[in-house]
A.B. asks: 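Pasting in a structure now, in structure tokens, and then I'll have a few things to ask.
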Amino acid sequence: MAGLLLAAGAGSRLGRPKALVEVGGERLVDRGVRTLSKGGCTPVMVVLGAADTIVDGVLTVHNPDWTSGMGSSVRAGIDALPDSVDAVLVALADQPLVTPEAVRRLVEAYEHGARAAVATYHGNPRNPVMLGREHWSTVYSMAERDVGARPFLRAYSHLVTSISCDDVASPDDIDTTEDLARLSEMLDRP
């Protein structure tokens, strides 16, 4: 299963590309790559756009339409997936509290036969999302503007396995400087 980290946005509310923001001495893009890799994804790919940066040990995909929103990053990532990959786990760079254990739970769901799965928190579907190859074209066609897999998850909920991750992760994201300060403080706690 490939890991696909979406890290193309400019972080307009934050004032800089989120991929380059550091938390705990680590860039969000590097933290996301590490999370996917430790969770069992191989290969790991990163979709970049606003930030032209080097990310070691992964395939980077440039999304030329990154200004149009997350949907174009989902499409760019799907287009770049190797033929040898049967499933992809999509994660967002701005969610530093998603852990390798949450990723591992989705990988295990795939290994036990799930063809689509989503991490849930307090019963709500969030990220990451796992998609088997047979769903890629549908997700691709539904991913628009700032929407990724959400329309697929809603329209085909009967095909999606919900994986509770409340006890090992959080979907909190970094959109503002206040979010960055709050999550950095949480990550600094022992």
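Below, each value reflects all heavy atoms present in this structure, side chains not excepted, and no hydrogens, waters or symmetry copies.
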A.B. asks: Measure from the side-chain N and O atoms of D166 to the backbone N and O of H122, and report whether any donor-acceptor pair falls under 3.5 Å.
C.D. replies: yes
A.B. asks: With distance as the sole test, does S37 use its side chain to make a donor-acceptor pair with the main-chain N or O of V33 at under 3.5 Å?
C.D. replies: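 No.
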A.B. asks: Would you say the side-chain atoms of S72 pair up with the backbone N or O of D65, donor to acceptor, closer than 3.5 Å?
C.D. replies: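 Flag set: sc S72 to bb D65 pair under 3.5 Å.
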A.B. asks: To the nearest 0.5 Å, tell me how far R75 CZ sits from D79 CG.
C.D. replies: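 The CG atom of D79 is 9.0 Å from CZ of R75, to the nearest 0.5 Å.
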A.B. asks: Do the side chain of W66 and the main chain of S73 share a donor and acceptor less than 3.5 angstrom apart?
C.D. replies: no
A.B. asks: Roughly how far, to the nearest 0.5 Å, is CG of L14 from CD of E178?
C.D. replies: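 Result: 9.5 Å between the selected atoms.
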A.B. asks: Quick test of your reading: applying salt bridge (charged side-chain N to carboxylate O under 4.0 Å, His left out), list the pairs with at least one residue in residues 33-62, sequence neighbours left out, ordered by first then second residue.
C.D. replies: E26-R34
A.B. asks: Looking only at heavy atoms, what is the nearest atom pair of A2 and L81, with distance?
C.D. replies: CB-CD2, 3.9 Å
A.B. asks: In chain order, what residues pass the salt bridge (Lys or Arg N to Asp or Glu O under 4.0 Å) check against D172, with sequence neighbours excluded?
C.D. replies: R182
A.B. asks: Does V168 share a hydrophobic cluster with L187, counting links as ILVMFWY side-chain heavy atoms below 4.5 Å and allowing steps through other members?
C.D. replies: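 No, no single cluster joins them.
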A.B. asks: Donor-acceptor check, side chain of K18 to backbone of I174, threshold 3.5 angstrom: yes or no?
C.D. replies: yes
A.B. asks: Per the salt bridge (charged side-chain N to carboxylate O under 4.0 Å, His left out) rule, what does the pair list look like for residues 1-16, sequence neighbours excluded?
C.D. replies: R13-D175
A.B. asks: Taking all non-hydrogen atoms of both residues into account, name the closest pair between V98 and P128 and its distance.
C.D. replies: CG1-CD, 3.8 Å
A.B. asks: Under the 3.5 angstrom rule, does the side chain of Y121 hit a backbone N or O of N127 as a donor-acceptor pair?
C.D. replies: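 Here the side-chain-to-backbone pair exists.
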A.B. asks: Does the side-chain contact (heavy atoms from CB on, under 4.5 Å) test come out yes or no for L159 and H135, once each step is laid out?
C.D. replies: CA-CA 10 Å; L159 301 176; H135 301 304; 3.8 Å; yes
A.B. asks: Can you give me the closest heavy-atom contact between L4 and I78, atom names plus distance?
C.D. replies: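 That would be CD2-N, 4.3 Å.
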A.B. asks: Just by distance, no angles: are the side chains of E101 and T99 close enough, under 3.5 Å, to form a donor-acceptor pair?
C.D. replies: no
A.B. asks: Are the side chain of E144 and the backbone of G71 linked by a donor-acceptor contact shorter than 3.5 Å?
C.D. replies: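 No: the side chain of E144 does not pair with the backbone of G71.
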A.B. asks: Give the cluster check for V88 versus V103: same hydrophobic cluster or not, with ILVMFWY residues linked at side-chain heavy-atom distances below 4.5 Å.
C.D. replies: no
A.B. asks: Check the hydrophobic clustering (I, L, V, M, F, W, Y; side-chain heavy atoms under 4.5 Å; chains of links allowed) and say if M142 and M130 are grouped together.
C.D. replies: no
A.B. asks: Checking the side chain of R105 only, and the main-chain atoms of A119 only, is there a donor and an acceptor separated by less than 3.5 Å?
C.D. replies: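 Not at all, since once roles are kept as given, no pair shorter than 3.5 Å links the two residues.
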A.B. asks: Taking all non-hydrogen atoms of both residues, which atom of A7 and which atom of V46 are closest, and how far apart?
C.D. replies: CB-CG1, 4.0 Å
A.B. asks: Looking at every heavy atom in both C41 and V44, which two are closest together, and how far apart are they?
C.D. replies: O-CG2, 3.6 Å
A.B. asks: Test of understanding: clusters of I, L, V, M, F, W, Y form through side-chain heavy atoms closer than 4.5 Å, transitively. Do L48 and L5 belong to the same one?
C.D. replies: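 Shared cluster, yes.
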A.B. asks: Could you pull out all residues at least two apart from D86 that satisfy salt bridge (Lys or Arg N to Asp or Glu O under 4.0 Å)?
C.D. replies: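 D86: salt bridge (Lys or Arg N to Asp or Glu O under 4.0 Å) contacts with R115.
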A.B. asks: Is there a path of hydrophobic side-chain contacts, each under 4.5 Å between heavy atoms of I, L, V, M, F, W or Y residues, that connects L20 with V55?
C.D. replies: no
A.B. asks: What residues form a salt bridge (Lys or Arg N to Asp or Glu O under 4.0 Å) with E185, not counting sequence neighbours?
C.D. replies: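 By the salt bridge (Lys or Arg N to Asp or Glu O under 4.0 Å) rule, E185 matches R189.
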A.B. asks: Report the distance from atom CD1 of I54 to atom OG1 of T60, rounding to the nearest 0.5 Å.
C.D. replies: 9.0 Å
A.B. asks: Which donor-acceptor pairs under 3.5 Å do side chains of residues 145-156 form with protein atoms, sequence neighbours excluded?
C.D. replies:
from: D146; atom 1: OD1; to: M70; atom 2: N; distance (Å): 3.2

